[in-house]
Each structure stands twice: as structure tokens, then as C-alpha cells.
Amino acid sequence: MAKVFIKYNPFKLETIIEIDGELIPQNSVLNVGSKRLQEWVEQLAEFLQDECNEDYFELDFMGTSMDLEDVEEIIEKARKKGIEIELTHIPVQEISNMEFAIEEVFDEIINGPIEELKSKDLQDAFKKALNDEFEITVVATMSAGKSTLINSLLQRKLMPSSQEACTATISRIKDTDDEDFFATAYDEFGNVIKSVPNLGLEDMEKLNAIEKVSTICIEGDIPFTSTEEMSLVLIDTPGPNNSRDENHLKTTYKNLDESSKALVLYILNATQLGVNDDSQLLNAVANSMQVGGKQSKDRYLFVVNKLDQFRKGEDDVESSLQKVRKYLADRGIHDPNIFPAAALSSLDIRELLNHPESVDEDLEDEILMMARKLNRNEQLHLEKYATLTPSIRRKIDEQLRLADDGDIMNLETALIHSGIPAVEETIKLYVEKYARTAKIKNVVDTFQKKLESSKAFEETKTAIAENTERHAQIKEQIRQIEEKLNSGKEAEKFKKKIEEIDVMKDIKTESRKLVLKHQRSVDEFLTGAIGKEFAKNEAESFIENLIRISRESHSKLTVNLEKMINDNLNNIADQLLKEYKGKIVKLVDGLGTDNLVFEPLQLIAAELDFGIEKNRILDTATYTEKVKVGTESYRNPERSGFFGSLKFWKPTTLYRDVYEEQTMVSAQIISDEFSTYLEKQNRMLIKEVEGSAKENIKQIKMDYYRKFDKVDQILRDKLKELETFTQDESLIRAKIAESQARLEWLERINEKVNKIIDIGEVVEV
């Protein structure tokens, strides 16, 4: 039996693993580096088995309670494979007090003695990190109850639920904890069309009805969470075939992509599985879930809605969920996080609980009957089927225990049975486990970089002041550095080096590869139509499917092109920074310069407009031909008259084929025309991609030149300050004392910052 110790710090992304008291070697499969626990924990049992050649282990896990649940889940699965792991948890500091400690340190820094730490850049970085938004994308096909689910989460009827009113726009609902909602509607170019205070359901219906509206940004209260934890943003995306412009579909695929950090609520209609829209979206989900381990799986919550709508004798909840699991497995999604739900019942119950005065008697009776149904029928206790962690399961059970008063029409217990509170608790856990830990790490990283820079500067001051015999030499070095900084020759040399940095060749190659890759899905569809001919209504259906596949392919293509461009822009930004750091190293060693951060501009790709093309392609492919539609009988003319009647050997009735002209459409012509059109659009897309990339690279270089000039000036100022420490010893004694006091303050603050995310064992008193 091997004894294993694992210490995992989610704030530093540090993992220490010991086996029988020895640290694992660098080449071990258990050496996970700076990966998040959820990226490797699913392989933990097999890794231990391979490393130790044993099937039984004692594991001491030192980590947060959130991460402990993931370890417990994996141990349970390992047991079924014959691998026994006896687990002991060593409790550590949890996340709850860290954000408060961060704010305390920030206040101390702002009120401290170091002026450069009070810069607007640091304050902006701190505020951005603390107030960073966390997106939750809500995805569903038509009739899945997406708007009703969002309304239930908002605990009010805000999003229109009729199909005509709710499918045309993207809505971004940001949590501000404000009771009243405020909306701003934008067109596809980002221009404001209308703002609406005190937003209500009727206002949203009117905004959705405005043809030019592309996006509606809403601010208000998302009740199940608080902005003190994280500023949540619910993104309501239109269905794949119901959006008003191509950008909507692109947004959906972008948020489903494996590079996205957004949590995804995927709504499935329990009464209607297997629509085409679902298949396409779920393929994207399956691809995304193959990357990133358990965290990728945790990112998708499959909410199976309308499970309270089955009538007696129809499918029950368990068999319905079994069908859902098989349906997802057939599309490559295994062991999904399933959350059965009755969103409409939940919304109505919350309406009655929160605003009883707004519910009329008839509706109140209906809601009470629904509550009775949810409470009485144990099959409809939907929370018991949900994929819940042990801590959430305990929390839900405790909520039920406190709410249950024996009343069969108890609204609070019925609300829990609707499954929606289980979804909300899971969202909160995901935010805490992934988003809040990342937020804390980002803030602390920002502090540490600034503190290290200031500390290096203060240490340099002291070193110069104390090294009196080299003051003349140091003065001369500072003069030479300033001369180089101000030299037009050096600046020109640096600029030339920067101009030589180019990634356009890579962008051109990669963009063409991506276009060819995404063209294949359309080509495969067209290949199946070779040699076919359609009636006009069949041709229209064929083209509609072709357009759908093309739009989806194009949306995925624009997302992948954008990722590729951003990767290349980040690469050039890194090269620029590297060159600048090289320049500074040549000038002076030991003066800490600030890291430069660049956020790449988003690529706006060309959009396809299929409306006109559909009619043109149909006209080109249409032709008329005579088609046999049946036979008709007629009297034989040879049997007419007196002599004809004597020709008894001739038949009295003859038959002939009946033809009529029909409009036909050639599938081959459709394929040829559509392929030509797509090829033209792809050429235009590549041209725009390359043009955009050139402009972005130009803009990056300009931005960096300005930033470098600013940093050069900061360096000049620091050099001047350092020069003051080469003065007569009697004049600089006070400066040395001041610098020493600053260093002591920096050491103390740095120690506080490190303690924030340095998880330690909690000792019970």
C-alpha cells in the first residue's frame, strides 16, 4: 500500500505530490505542472496505479473543500474499477475571506508611501480584476423553454416567451443587484437605437420587434447571486435558424468553443429531442468537451426542461432522462451534467411567492395545483435526478427540511422540486471554483508585479548610495544610458527591428487551410445530390438545408479565423515586448520595467447574405420538361361508323400516356452555382481577413510605440532619481533612510499579498 500526499493550491495553480514521503520525479506522469486540478484529476487513479504498480492507496489531500469534491468523485469511480483509495482531507484556508483581504491590501497600497503604486494603471487593473464579468451562455433550439428558464432565474417575467418575439436578438443581462432593470438596444454596428429604464416584459417585446435591433444590453438583479461574488452576465442567444443576423450564430459558436470561459446552460426539450438544430450545436459542444478534462465537462449544464408536462401513461422522468443520455452519447457527449427542470412551474411559483398581489385567483389555483402535483408525485422531485456535488446535495436537502411543513401545496418545497434551485446552486459553485479563484489570482499577480518593480528600484537606490567609491562611474553610466535613450540612431535601429516582425505569411497560410477545412461540410452535402433532380418544392427544401449548413460552417469558420488572428496578434505583441525588453537589458541591468499588456482587437469577419442568392440559384437551375403523369382511355377511331362496327377484331377502347409540362430543378446546377458562389465569398473573406490582420498589426505597432515611449520616459525619470543618490553622503543620508523605510513597507505588503493565496492547513482550536 502506497501513501500519497497531494497539496493543491487553486489560486497559484501549484500542485505538490509525494509518494511514501518522496517528491515525485520530474519525468513522472503525475508531474502536472501548473495545470488546474480539474484538468488531470480524472486520470489520478490510473496515474497512481501506473506509478506504483498497486491497487490500494492512502491519500492525504490538502486542498479546498470545492476541489475535495472532485477528488471524492474520482475515488468513487476508481473503486468501481478495482482501485481502492482511502482519503483523508487536510482542511485549508477557503476563498471566503480572500477577497476582503485583497481589498484591505489595496487600500494600504493606495495610502502607502510609494507614488508609482498609486498609478491609474494599477487602480484600473485592480478594479477590472475585481469587477470582471463572468458570462453564462443560454443555448436552446425552438420550443425548449429558454426564455421561461431565464425568467425563472430572474424571478420575473422579463424575456418574451413567444417564438416570434424572442428569437431575433441577443440579450446580455448583467447582474448589478439593482431591483429595476435598464436596457439599451444596439444595431449590428453598435449604434444605440433606444434606451429603456424600468424595463418590463412589454418593453422587451417592443424592442425585439424593432427590425434594426441586434443586441439588447440589460442591467438589473440576478437574484440567486451577488455582485460581491462575481458580476454574472446571462447571454440569451437566438436559435441557430432564428437569428436576425449572422453575428448571432457566430456568438453562439464562439461561446461553445473550447477556448471560451463561459458557462453554458444547454436547454433540451424533454418532449421533443432530435431536431436538426440540436444536432449541429451538440456537435460543437462534443468537440469542446474533448479538451480540458473535468473543467470542460463542468462548463456544460444540460437542463432537461418540461419534465412536468408528461401525461399519465406517457414517458416517466427516469426513462426520459435515459433517452436524453443516449441522445447525447450518440453525439459524443458522455457522462453529462444533467439537470431535470420544470421552468414554467418554477417561474409561476416564484411569481406567487414574490408578488402574490399580481396573481389572479384562477392562476393562483392553477399554481397551487401544480405545487400539489410536484409535492405529491415523488417522480417529479426533479432535484434527486440532478448531477449534484455532495455539498450542493446537502444544501438542497437542508432547504427541503427547513421548508417542509407537511402542507401538500407548500410552494417552497414545490419550487425546490422544480429543479431550478439545483441549477442555481451549481452555477454558484462553478463560479466559485473557477471564476473567483482565477479573479483572486489575477489581482494578486497584478500586485506582485508592481511590488517587485518598486522593490527593485528601492534596492537599486540603496545600492548606489552605499557604493560611494563608484559614484562617478555610476553617474557616467546613467549619462550614457540617457544618451542612448535619446539617440535618434538607437531609436531608428529599434524601430527597424520592430518593422521587420511580420506574421502575415502565417496568417495567409492558416486562413486558407481553415477555409478549405470548413468547405468540406458543404462539399459532403453537395456530393450526396449528384445526379438528382427535384421538383421545385423539393429544390427549395434542399437549398434551405444547404443554406443552413453553409451558415453554420461560415459561423464556425469566422470563430476559428478570429482565434487564429488573435493568436498571431498575441504572438507579434509578445515579440514586440521581447524586443523592447532586449533593448532595455542592453541599456541597463537591474531597473525593473513594467510588463506591457495588450488586448488584441477583435476581427470582424465578412458575413454571407444568402437571400438574393437563393432565388438566383433556383432560377438558374430551373427548366421545364414533359413528364408522364398517367394514362387516359379513348374510343378507337377505326371502330367508328357502319364499316368500323364490322371490324370486331379491333379494340373498341384505346389507351394513351398523358404528359404535362412540369418545372424541374437540377441538383447538379444548384451544386455548381452554389459552389461558385461560396468560392467567391471565401475569396472575399480571406481578402478581408488578411486586410484586417494588416491593419491590426499596424495598430499594435503604433500602440506599442506609444507605450514604449511612455516607458522610456519613466526610465528617464527613474535614472534622474537614481542620480540624486550619487551626491555627497551627508546630503543623501535622509534619502537612504527614506528608501529603507519604503523597502521595509514593501516587504511587509509583499508578505501580506503572498499570504492571501498561500493556502495553509487550518488548525482547529
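For this chain, numbers begin at 1 and follow the sequence in order. The structure presented is a predicted model; accordingly, all values stated were derived computationally and were not measured.
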**Item:** With Glu424 via salt bridge (charged side-chain N to carboxylate O under 4.0 Å, His left out) - residues at least two apart
**Value:** Arg350
**Prompt:** Can Asp397 and Arg393 be counted as an ion pair, charged N to O under 4.0 angstrom?
**Reply:** no
**Request:** Would you mind checking if Arg172 and Asp236 are paired as a salt bridge, meaning a charged N to carboxylate O distance below 4.0 Å?
**Result:** no
**Message:** In the structure I gave you, are the side-chain heavy atoms of Val264 and Leu301 within less than 4.5 Å of one another anywhere?
**Reply:** no
**Request:** With the side chain counted from C-beta on, respond yes when Ile333 and Val285 share a heavy-atom pair under 4.5 Å apart, and no when they do not.
**Result:** yes
**Request:** Would you tell me whether Asp221 and Gln155 have side-chain atoms, one donor and one acceptor, within less than 3.5 Å of each other?
**Result:** no
**Request:** May I have the step-by-step check of side chain to side chain donor-acceptor pair (under 3.5 Å) for Ser214 and Asp187, ending in yes or no?
**Result:** CA-CA 5 Å; Ser214 176; Asp187 66 15; over 6 Å; no
**Asked** Taking Thr237 for the side chain and Val138 for the main chain, is one N or O donor matched with an acceptor at less than 3.5 Å?
**Response** yes
**Message:** Would the distance check show the side chain of Asn375 and the main-chain N or O of Ala414 forming a donor-acceptor pair, the cut-off being under 3.5 Å?
**Reply:** yes
**Message:** Do Thr176 and Glu219 pair up side chain to side chain, a donor and an acceptor below 3.5 Å, judged on atom types alone?
**Reply:** no
**Request:** Measure from the side-chain N and O atoms of Tyr385 to the backbone N and O of Gln379, and report whether any donor-acceptor pair falls under 3.5 Å.
**Result:** yes
**Prompt:** side-chain contact (heavy atoms from CB on, under 4.5 Å) with Phe224: which of Val423, Ile420, Ile427?
**Reply:** Ile427
**Prompt:** Do Leu321 and Val304 touch side chain to side chain, with heavy atoms closer than 4.5 Å?
**Reply:** yes
**Item:** Test item: side-chain donor near acceptor, Thr413 and Asp404, under 3.5 Å
**Value:** no
**Prompt:** Would Asp298 and Gln38 count as having a side-chain donor-acceptor pair, cut-off 3.5 Å?
**Reply:** no
**Message:** Check whether Asp180 reaches the backbone of Asn198 with its side chain - one donor and one acceptor, N or O, closer than 3.5 Å.
**Reply:** no
**Request:** Determine whether the side chains of Ser231 and Asp175 contain a donor N or O and an acceptor N or O closer than 3.5 Å.
**Result:** no
**Message:** Side chains of Leu388 and Thr426, heavy atoms from C-beta outward: is any pair under 4.5 Å?
**Reply:** yes
**Flag side-chain contact, heavy atom, 4.5 Å: Leu201 against Leu158** = no
**Verdict with supporting geometry, Leu429 and Ile392, side chain to side chain contact (heavy atoms under 4.5 Å, CB included)** = CA-CA 8 Å; Leu429 180 63; Ile392 295 178; 3.7 Å; yes
**Request:** Kindly give the heavy-atom pair with the smallest separation between Leu382 and Ser418, and that separation in Å.
**Result:** CD1-O, 3.6 Å
**Asked** Between the main-chain N or O of Glu378 and the side-chain N or O of Lys384, is there a donor-acceptor pair closer than 3.5 Å?
**Response** yes
**Request:** Evaluate the side chain to side chain contact (heavy atoms under 4.5 Å, CB included) criterion for residues Ile222 and Leu234: first the C-alpha distance (whole Å), next the side-chain angles of each, then the deciding distance (0.1 Å), finally the verdict.
**Result:** CA-CA 9 Å; Ile222 300 177; Leu234 287 173; 4.0 Å; yes
**Item:** Ser345 side chain to Asp348 side chain, donor-acceptor N/O pair below 3.5 angstrom
**Value:** no
**Message:** As a quick check of understanding, evaluate side chain to side chain contact (heavy atoms under 4.5 Å, CB included) for Arg436 and Val431, giving each step before the final call.
**Reply:** CA-CA 6 Å; Arg436 289 179 72 193; Val431 169; 4.1 Å; yes
**Over all atoms of both residues, closest heavy-atom pair of Asp308 and Lys373** = O-NZ, 2.8 Å
**Request:** Indicate the atoms forming the closest heavy-atom contact of Ile349 with Leu411, along with that distance.
**Result:** CG2-O, 3.5 Å
**Item:** Least distance between heavy atoms, Ser195 atom then Val192 atom
**Value:** OG-CG1, 4.2 Å
**Smallest separation among heavy atoms of Phe302 and Leu282, with atom names** = CE2-CD2, 3.9 Å
**Prompt:** Does Glu383 offer a backbone N or O that forms a donor-acceptor pair with the side chain of His417 under 3.5 Å?
**Reply:** no
**Message:** Using a strict threshold of under 4.0 Å (side-chain N to carboxylate O), is an ion pair present between Lys297 and Asp335?
**Reply:** yes
**Message:** Do the side chains of Glu39 and Arg36 get close enough for a salt bridge, i.e. N-O under 4.0 angstrom?
**Reply:** no
**Message:** I'd like to check Val233 versus Ile136 (side-chain heavy atoms, cut-off strictly below 4.5 Å). Are they in contact?
**Reply:** no
**Request:** Looking only at non-hydrogen atoms, find the nearest pair between Ala386 and Phe339 and report the distance.
**Result:** CB-CD2, 3.9 Å
**Message:** Does this structure show an ion pair linking Arg79 with Glu76, if we count only N-O contacts that are shorter than 4.0 Å?
**Reply:** yes
**Item:** Any side-chain heavy-atom pair of Asp70 and Thr389 under 4.5 Å
**Value:** no
**Message:** So does Ile170 get a backbone contact from the side chain of Thr215, meaning a donor-acceptor N/O pair under 3.5 Å?
**Reply:** no
**Message:** Are more than 12 heavy atoms, taken from residues, nucleotides or ligands other than Lys77, located less than 6.0 Å from that residue's NZ atom?
**Reply:** yes
**Item:** Intermediate values then yes/no, salt bridge (Lys or Arg N to Asp or Glu O under 4.0 Å), Glu398 and Lys395
**Value:** CA-CA 5 Å; Glu398 179 64 11; Lys395 189 179 289 188; over 6 Å; no
**Request:** Please step through side chain to side chain donor-acceptor pair (under 3.5 Å) for the pair Asn151 and Thr148, ending with a clear verdict.
**Result:** CA-CA 5 Å; Asn151 285 337; Thr148 304; 5.5 Å; no
**Message:** For Glu205, is there any backbone N or O sitting under 3.5 Å from a side-chain donor or acceptor partner on Asn208?
**Reply:** no
**Asked** Is Lys157 salt-bridged to Glu351, cutoff N-O under 4.0 Å?
**Response** no
**Asked** Going through the distances and angles, do Leu415 and Ser346 end up as a side chain to side chain contact (heavy atoms under 4.5 Å, CB included)?
**Response** CA-CA 6 Å; Leu415 177 61; Ser346 165; 3.5 Å; yes
**Message:** Within the supplied structure, the quantity of interest is the number of heavy atoms (other residues, nucleotides, ligands) at a distance under 6.0 Å from Glu179 CD; does it exceed 12?
**Reply:** no
**Prompt:** Quick one: does Val71's side chain get under 4.5 Å of Leu37's, heavy atoms only?
**Reply:** yes
